[in-house]
Amino acid sequence: KSARTTLVFILPLIWGLLTNHMGPAVWISITAQLLSGINLRGGYPIRLFILGTGTLAAAACAYLGTLAGGSLAWSVCIMMVLAFGSGYVRQSGDFGPGLVVAVLLMYLLTLDHPGSAAEAGEMLLWVCLGGAFTLIFVLLTWPFVPFNPFRRSVALTWKALSDWLQVFSQSVEPDKT
């Protein structure tokens, strides 16, 4: 997981350096790093759903943060609504705290970059690209990190073989126990 998180953060920055697009690259990297830190458990479809929902929520918060960044009253009101809703999401399972941190940090970071609706749209696009990059990267790395029930069933097969070999060796050489 740490290698995946590091790569999703570094690769967009390298792209930004090579193409002279560091502004978008920084936001893509931040989004990818925040979303890749979510603790995902369960089947692959639910993992994709959680990451996809996290991407959309982070993008919406980035849009709102960019628009509300110039107004203390609006930014506090929106933060109050987000914090209230985050209390429910936080209790939704292992992924809840990571998802809440990613979404709220995205909102707080974009408050420092106030802008017009067009600039907020660009921010939304960059955050969506960061989330899509994370989704693609996680999909490509999942075959190397098997689904936990699958891993458990493979381990049980090897355990059963080990038990059988132990019984077999005791029946062939009863003196050794």
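All figures in this text were calculated on a predicted structure; none of them were measured in a lab. Heavy-atom basis, side chains included; hydrogens, waters and symmetry copies ignored.
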Quiz item: Apart from Val76 itself, what residues make up its hydrophobic cluster, given side-chain heavy atom links below 4.5 Å?
Solution: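 Val76 shares its hydrophobic cluster with Leu72.
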If you measure from [atom1] on [X] to [atom2] on [Y], what distance do you get to the nearest 0.5 Å?
{"X": "Gln33", "Y": "Leu105", "atom1": "CD", "atom2": "CG", "answer": "9.5 Å"}
{"X": "Met123", "Y": "Thr66", "atom1": "CE", "atom2": "OG1", "answer": "4.0 Å"}
{"X": "Trp27", "Y": "Met106", "atom1": "CH2", "atom2": "CE", "answer": "6.5 Å"}
{"X": "Leu13", "Y": "Ile30", "atom1": "CG", "atom2": "CD1", "answer": "8.5 Å"}
{"X": "Leu34", "Y": "Thr134", "atom1": "CG", "atom2": "OG1", "answer": "9.0 Å"}
{"X": "Ser29", "Y": "Leu11", "atom1": "OG", "atom2": "CG", "answer": "8.5 Å"}

Quiz prompt | salt bridge (charged side-chain N to carboxylate O under 4.0 Å, His left out) against Asp112, all qualifying residues, sequence neighbours excluded | solution =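 With sequence neighbours excluded, Asp112 shows a salt bridge (charged side-chain N to carboxylate O under 4.0 Å, His left out) to no residue whatsoever.
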In terms of hydrophobic clusters joined by side-chain contacts under 4.5 Å, are [X] and [Y] together?
{"X": "Ile46", "Y": "Val100", "answer": "yes"}
{"X": "Phe133", "Y": "Val138", "answer": "no"}
{"X": "Leu108", "Y": "Val101", "answer": "no"}
{"X": "Tyr107", "Y": "Ile28", "answer": "no"}
{"X": "Leu129", "Y": "Ile14", "answer": "yes"}

Nearest heavy-atom pair of [X] and [Y]: which atoms, and what distance?
{"X": "Cys61", "Y": "Val103", "result": "SG-CG1, 3.3 Å"}
{"X": "Ala25", "Y": "Gly16", "result": "CB-CA, 3.6 Å"}
{"X": "Leu35", "Y": "Leu51", "result": "O-CD2, 3.6 Å"}
{"X": "Val8", "Y": "Ser36", "result": "CG2-OG, 3.5 Å"}
{"X": "Ser75", "Y": "Ala68", "result": "CB-O, 3.7 Å"}

Self-check item: Side chain to side chain, Leu99 and Val89, heavy atoms closer than 4.5 Å
Solution: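 SC-SC contact between Leu99 and Val89 confirmed.
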Please set out all donor-acceptor pairs under 3.5 angstrom arising from side-chain atoms of residues 77-87, sequence neighbours excluded.
unit_1, atom_1, unit_2, atom_2, d
Ser86, OG, Leu82, O, 2.7

Quiz item: Is there a donor-acceptor pair closer than 3.5 Å between any side-chain N or O of Glu119 and the backbone N or O of Ser116?
Solution: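 At least one qualifying donor-acceptor pair exists.
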Self-check item: Step-by-step side-chain contact (heavy atoms from CB on, under 4.5 Å) determination, Val127 to Thr110
Solution: CA-CA 11 Å; Val127 171; Thr110 55; 5.6 Å; no
Practice problem: Scan for ring pair (Phe, Tyr, Trp, His ring centres under 6.0 Å) pairs involving residues 58-82, sequence neighbours excluded, and state none if there are none. | Solution: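 As it turns out, there is no ring pair (Phe, Tyr, Trp, His ring centres under 6.0 Å) pair with a partner in residues 58-82 once direct neighbours are skipped.
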Practice problem: For atom CG of Asn20, decide whether the heavy atoms of other residues, nucleotides or ligands shown that lie under 6.0 angstrom number more than 12. | Solution: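 It does not: Asn20 CG has 12 such atoms or fewer within range.
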Self-check item: side-chain contact (heavy atoms from CB on, under 4.5 Å) against Thr19, all qualifying residues, sequence neighbours excluded
Solution: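 Result, side-chain contact (heavy atoms from CB on, under 4.5 Å) vs Thr19: Trp15, His21.
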Quiz item: Who passes ring pair (Phe, Tyr, Trp, His ring centres under 6.0 Å) against Phe9, sequence neighbours left out?
Solution: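 Expected list: none.
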